[in-house]
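Report on the structure given below.
Throughout, protein chains are lettered first and strands after them, A, B, ... in sequence-line order, and every chain is numbered starting at 1. Heavy atoms only: backbone and side chains are in, while hydrogens, waters and symmetry mates are out.
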Amino acid sequence: MVTSHDPRPDLAPQADLSREEMESLQREIAEAAIFEDSLEVDLEALSSPLEAAAAGAETPIVAGVDQSFLLDSEPERALSAVVAMRGGEVIERVHAVTSLEIPYVPGLLAFREGGPILAALEELSVDPDCYLFDGSGRIHFRQAGIATHVGVVLDAPSVGVAKSLLCGTPRGDLENRQPGVRVPIEANERVDALEGTVLGYAVQTRQYDSPNRSINPLYVSPGHRVSAETAADVAFDLATSYKLPEPIRLADAYADEAKRERGRT
DNA sequence: GCGACAG
DNA sequence: ATCTTGTCGC
């Protein structure tokens with residue numbers, strides 16, 4: 001069912017909370033999160049803009065978000081980069097440099113990078129229909145990874161794309177799978193969810209021709225307002241030329257580019 | 001105490 | 001994530 005747009009800035013990740021407060025806020029985020037497709041956004045159109053246009057639909061805007069770090073400065077700083085795309089074309093790039101308050105702790109990534117990310121997103125002039133983050137969404141101890149946290153705060157469809165698995169159990173073999181293959185990631189005892197709940201998918205976007213070596217899959221999970229299936233579809237469909245979905249790959253490159261530009265000035 | 005652990 | 005050259009393979 002479609003509910004009204006309801007941003008929750010009150011649930012934004014604050015780095016000055018105690019660990020217990022952070023964890024309870026994450027449980028609150030998980031309850032507010034919607035792990036199924038909602039809103040009238042046609043996410044199918046993200047991958048096939050031409051067909052969508054022919055059908056009279058508006059071409060959706062997808063934003064990829066990623067960070068680079070300036071660990072030598074005191075305090076450490078994060079450079080959050082955002083690349084917005086529409087129909088396969090980059091329509092806007094923005095970034096923001098922010099001081100980091102706390103160190104990286106597995107499970108609490110949103111409290112380290114969420115602030116910087118929200119600061120960068122405020123610089124955006126366009127309004128994305130979906131956000132792709134580097135990190136987990138529902139594949140998280142409390143079902144509240146950074147993609148879910150930021151998605152709920154903005155109340156916008158979001159997807160988490162991680163390069164390694166934080167928790168959960170793959171339901172099948174992950175070695176040498178063909179492009180397009182997806183293996184369910186189920187909740188295990190380490191996750192606050194019914195055992196066996198499908199948290200997301202290991203999505204194979206690329207693979208070598210010879211079975212000698214194997215390319216690792218991407219661990220894709222719902223952030224907010226998208227189902228695990230749609231999240232996997234979106235990540236795979238946007239990975240048109242490389243292993244990573246194009247918006248994230250470009251945000252990753254832009255984050256490094258902007259960092260070097262900054263040091264050279 | 002031991003193991004596990006996104007970026 | 002970041003520090004970093006070369007190098008193996010298509």
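- Residue A:Phe69 is in sugar-phosphate contact alone, with no base atom involved, counting any heavy-atom pair closer than 4.0 Å across all strands shown.
- In secondary-structure terms, DNA chain B builds no stem of at least 3 consecutive Watson-Crick or G-U pairs having both distances under 3.5 Å.
- Distance CD1 (A:Ile139) to P (B:dG7): 11 Å, rounded to an integer number of Å.
- Rounded to a whole Å, the CZ atom of A:Phe141 is 12 Å from the C1' atom of B:dG3.
- Under 3.5 Å, the side chains of A:Arg142 and A:Gln26 contain a donor-acceptor pair of N or O atoms.
- Rounded to a whole Å, the CG atom of A:Leu70 is 15 Å from the C1' atom of B:dG7.
- Checking B:dA4, B:dA6, B:dG7 against every side-chain atom of A:Arg112, the shortest atom distance belongs to B:dG7.
- Computed from coordinates, the A:Glu76 CD to C:dT2 P distance equals 11 Å when rounded to whole Å.
- At the heavy-atom level, A:Gly107 lies under 4.0 Å from base atoms of the strands shown.
- The phosphate of C:dA1 has neither OP1 nor OP2 within less than 4.0 Å of any side-chain N or O from A:Ser68.
- In this model, the phosphate group of C:dA1 is approached by a side-chain N or O of A:Lys163 to a distance below 4.0 Å at OP1 or OP2.
- If A:Ser210 and A:Glu113 are placed on DNA chain C by their nearest nucleotide, the residue sitting closer to the 5' end is A:Glu113.
- Within 4.0 Å (heavy atoms only), A:Leu100 reaches no atom of the nucleic acid at all.
- Under a 3.5 Å cut-off, the side chain of A:His224 and the backbone N or O of A:Ile34 do form a donor-acceptor pair.
- Partner of A:Ile248 under the side chain to side chain contact (heavy atoms under 4.5 Å, CB included) criterion, chosen from A:Val65, A:Leu132, A:Val159: A:Leu132.
- Between the CG atom of A:Asp256 and the P atom of B:dG7 there is a distance of 15 Å, given to the nearest Å.
- Here CD of A:Glu261 is found 8.5 Å from NE2 of A:His95. Values are rounded to the nearest 0.5 Å.
- Following rounding to the nearest Å, A:Leu165 (CG) and B:dG7 (P) show an atom-to-atom distance of 10 Å.
- Note on A:Ser136: a base of the nucleic acid sits closer than 4.0 angstrom, heavy atoms only.
- Contacts of A:Ile146 with the nucleic acid, taken as non-hydrogen atoms under 4.0 Å apart, include base atoms.
- Applying the side chain to side chain donor-acceptor pair (under 3.5 Å) criterion to A:Asn188, with sequence neighbours excluded, gives A:Thr169.
- Smallest separation of non-hydrogen atoms from A:Ser68 and A:Asp256: CB-OD1, 3.8 Å.
- For the OP1/OP2 pair of B:dA6 and a distance below 4.0 Å, the side-chain nitrogens and oxygens of A:Tyr219 include no atom meeting the criterion.
- At a threshold of 4.0 Å, the pair A:Arg190-A:Glu195 does not count as salt-bridged, since none of the basic side-chain nitrogens sits closer than that to a carboxylate oxygen.
- Of the candidate nucleotides C:dA1, B:dA6, B:dG7, C:dA1 has the atom lying nearest to any side-chain atom of A:Leu71.
- The CZ atom of A:Arg213 sits 16 Å away from the P atom of C:dT7 (whole-angstrom rounding).
- Rounding to whole angstrom units, CG of residue A:Asp66 and P of B:dG7 are separated by 9 Å.
- With A:Arg86 as the partner, the side chain to side chain contact (heavy atoms under 4.5 Å, CB included) test is satisfied by one option alone out of A:Ile91, A:Asp129, A:Val62: A:Ile91.
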